[in-house]
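Here is the structure we will look at.
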Amino acid sequence: MTSSIIRNPLSRRGFLGAAAAAGAGIGLGPAHAEKPAPDPLITEVQDWNRYLGDGVDKRPYGTPSPFEKHVVRRHVAWLTASPESSVNFTPLHELDGIITPSGLCFERHHGGIAEIDPANHRLMIHGLVEKPLVFTMEDLKRMPRENRIYFLECAANSGMEWRGAQLNGCQFTHGMVHNVMYTGVTLKTLLNEVGLKPNAKWLMLEGADSAGMNRSLPVEKALDDVLIAFGMNGEALRPEQGYPLRAVIPGWEGNLWVKWLRRIEVGDQPWQAREETSKYTDLLADGRSRRFTFYMDAKSVVTNPSPQAPLKHKGRNVLTGIAWSGRGHIERVDVSLDGGRNWRTARIDGPVLEKSLTRFYVDFDWQGEALLIQSRAMDSTGYVQPSKDDLRKVRGVNSIYHNNGIQTWHVRPDGETENVEIG
Ligand SMILES: Nc1nc2c(c(=O)[nH]1)N[C@H]1C(S)=C(S)[C@@H](COP(=O)(O)O)O[C@H]1N2
Ligand SMILES: [Mo]
């Protein structure tokens with residue numbers, strides 16, 4: 001599967017034009033040595049100095065600057081049969097820090113976005129419980145709540161890359177991940193209210209969307225760190241992310257994080273998944289499959305430079321990326337600029353949290369040489385992110401899911417950057 005719309009989104013001429021224009025401004029290059037012509041941006045009065053701007057009555061809910069309009073989720077039309085049962089991707093190369101802005105969180109759903117009036121939403125918990133209960137949104141908001149930052153990664157993230165380099169941009173190769181601060185009630189609190197029967201082993205979580213998606217969750221995880229969330233990044237969940245209520249299953253594959261959550265049934269064995277919405281099974285080389293591959297193993301990607309964010313300046317540059325692990329926190333990230341021959345330890349900045357994205361940087365000098373950029377994450381269990389080759393030795397290439405192999409970006413002398421694989 002290849003696509004002209006994804007490979008080389010930047011034309012060579014477009015790139016060189018941008019580089020020339022940038023060279024005319026304040027730079028660190030040789031142009032600096034000559035006395036620059038007066039810059040009209042400094043010497044002339046500009047429109048934004050001259051006219052009154054919008055008052056406080058114009059933007060009751062703020063949106064990004066029009067100059068940021070390219071910073072959007074994108075989808076790849078040929079990946080799936082319909083946009084209602086599909087996915088779009090977080091623009092990772094445009095983001096920094098660890099929090100994904102709500103409007104840029106990738107969306108994955110199997111029956112479109114359910115639009116639900118919270119006054120009409122109910123959460124029922126029943127099955128092997130002492131006292132089945134139905135909660136309204138108002139009931140849930142009167143219970144003790146917690147705030148936690150977690151990544152959500154779809155198990156199919158990087159799934160197109162199993163057989164070789166495919167999509168030209170970290171948005172497309174790695175953009176099925178987001179990192180959000182959730183507000184909600186722990187599932188443990190709710191299960192204490194209904195009272196689990198001694199033979200309770202598995203929970204079935206069901207959504208209120210047209211897909212009626214359901215997934216089985218072991219009771220040990222339910223009582224550990226699962227949140228039933230109504231808030232994200234300080235406000236209500238977005239409709240795309242399951243408004244008014246979703247399950248948050250820290251460190252485990254995104255498919256379990258049922259959105260528009262309306263029902264939890266407690267049983268003594270795993271449920272049969274409804275349709276193909278919840279199969280998420282890894283097919284191995286010999287035709288057998290891995291079941292219950294819940295954990296998302298440590299992974300990382302360099303977001304800049306990357307195919308959608310080429311290098312534009314020689315000299316001083318910032319390399320950055322994200323790392324995460326479903327089994328703990330990120331301990332260390334190593335970066336190579338020469339395809340894995342030499343590694344240096346990246347500088348981690350910002351909070352380092354369990355089961356959360358972690359931000360890393362390498363401040364480096366670029367003299368226009370070709371680079372093969374890689375990052376390799378190590379988590380708090382000591383697990384080290386594998387190469388794609390090592391991963392294939394264990395899993396073959398029949399899988400779509402759980403590809404956490406090391407990504408390589410090839411930076412050419414002109415700065416353009418491509419998704420490649422090296423032997
Ligand atoms: N009700 C419902 N919940 C759902 C889905 C769905 O189709 N319906 N998709 C699941 C899958 S496969 C993933 S990866 C995550 C994606 O969450 P997001 O849309 O917030 O990124 O939601 C999960 N929860
Ligand atoms: Mo998913």
Side-chain angles (χ1 to χ4, degrees), residues 73-75 79-92 95 99-116 121-123 149-160 171 174-182 184 203-217 226-233 235-264 271 273-282 293-296 299 324 326 357 399-404:
R73 300 185 278 225
R74 292 181 193 278
H75 76 283
L79 270 184
T80 52
S82 84
E84 293 78 25
S85 183
S86 192
V87 61
N88 60 24
F89 300 91
T90 308
L92 299 175
L95 304 180
I99 296 294
T100 314
S102 299
L104 295 175
C105 287
F106 86 94
E107 303 165 57
R108 171 94 178 95
H109 32 74
H110 299 80
I113 300 164
E115 300 282 358
I116 301 175
H121 192 71
R122 301 288 181 271
L123 173 65
I149 297 174
Y150 293 120
F151 78 83
L152 181 170
E153 184 182 18
C154 178
N157 199 21
S158 315
M160 302 305 297
Q171 179 166 19
H174 289 76
M176 281 200 235
V177 67
H178 54 61
N179 204 56
V180 160
M181 180 182 281
Y182 294 98
L203 275 55
M204 189 276 289
L205 277 57
E206 183 188 71
D209 53 332
S210 74
M213 213 200 64
N214 65 337
R215 270 303 300 257
S216 299
L217 182 74
V226 171
L227 277 181
I228 303 303
F230 43 79
M232 85 189 265
N233 292 337
E235 59 181 356
L237 290 174
R238 292 288 170 87
E240 303 92 302
Q241 265 67 46
Y243 179 87
L245 200 61
R246 93 170 303 166
V248 171
I249 321 284
W252 287 21
E253 59 187 28
N255 191 241
L256 287 143
W257 299 47
V258 174
K259 302 192 276 190
W260 312 290
L261 179 71
R262 72 162 172 210
R263 191 164 72 91
I264 298 176
W271 265 262
R274 192 168 293 156
E275 319 246 336
E276 49 99 40
T277 54
S278 328
K279 285 218 176 98
Y280 278 82
T281 335
D282 277 345
T293 50
F294 293 136
Y295 285 93
M296 300 310 294
K299 184 166 171 178
W324 62 98
L357 295 192
S399 189
I400 304 174
Y401 304 114
H402 294 274
N403 180 355
N404 66 325

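Note that ligands are numbered from 1 as they come in the structure, with each ligand's atoms numbered from 1 the same way. Note that the coordinates shown come from a computational prediction; the quantities given were computed from them, not determined experimentally.
Using a 4.0 Å cut-off between heavy atoms, Leu256 makes no contact with ligand 1 at all. Counting heavy atoms under 4.0 Å from ligand 1, residue Ala211 does not touch it at all. Contacts between Glu253 and ligand 1 below 4.0 angstrom, taking non-hydrogen atoms only, are absent altogether. Looking at Trp257 against ligand 1, only its backbone comes within 4.0 Å, counting heavy atoms.
Close contacts of ligand 1 with Asp209, meaning ligand atoms under 4.0 Å from a residue heavy atom, involve 1 (N), 2 (C), 6 (C), 7 (O), 8 (N). Those atoms of ligand 1 that come under 4.0 Å of a heavy atom in Phe106, given as number and element, are 18 (P), 19 (O), 21 (O). Listed by number with element, the atoms of ligand 1 under 4.0 angstrom from any heavy atom of Cys154 are 14 (S). Annotation for ligand 1: atoms under 4.0 Å from non-hydrogen atoms of Glu107 are 19 (O). Short contacts between ligand 1 and Arg246, defined as distances under 4.0 Å to a heavy atom of the residue, involve ligand atoms 15 (C), 17 (O), 18 (P), 20 (O), 22 (O). Under a 4.0 Å criterion applied to the non-hydrogen atoms of Val258, ligand 1 contributes the atoms 3 (N), 24 (N). Listed by number with element, the atoms of ligand 1 under 4.0 angstrom from any heavy atom of Leu152 are 17 (O).
Considering only non-hydrogen atoms, atom 4 (C) of ligand 1 lies nearest to Met213 out of Met213, Gln241, Arg215.
Considering backbone and side-chain atoms alike, Asn255 places every N or O at 3.5 Å or more from each N or O of ligand 1. For the pair Trp260 and ligand 1, the shortest N or O to N or O distance does not fall below 3.5 Å.
The shortest heavy-atom contact between Ser210 and Gly111 is OG-O, 2.9 Å. Contact record, Ser85 with Arg108: C-NH1, 4.4 Å, taken as the closest heavy-atom pair.
We find that Glu240 and Arg73 are joined by a salt bridge, their nearest charged nitrogen and carboxylate oxygen being less than 4.0 Å apart.
Once rounded to the nearest 0.5 Å, the distance linking CG of Leu217 with CE of Met204 reads 12.0 Å. Taking CD from Glu153 and CH2 from Trp252, the interatomic distance works out to 15.5 Å, rounded to the nearest 0.5 Å.
In this structure, Trp324 has its ring center at least 6.0 angstrom away from the ring center of Tyr150.
Under the 4.5 Å side-chain criterion, counting only non-hydrogen atoms from C-beta, Leu357 is in contact with Val177. Residues Met181 and Met232 form no side-chain contact, since every pair of their non-hydrogen atoms from C-beta on lies 4.5 Å or further apart.
Side-chain contact check for Arg215 and Asn255: at least one donor-acceptor pair (N or O, by modelled atom type) lies under 3.5 Å.
In this structure, Met176 falls outside the shell of residues with a heavy atom less than 4.0 angstrom from ligand 1.
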Inset, instruction - Just do the side-chain hydrogen bond (donor to acceptor under 3.5 Å, both in side chains) check on Ser102 and Asn233 with the steps written out, would you? - result: CA-CA 7 Å; Ser102 299; Asn233 292 337; 3.3 Å; yes
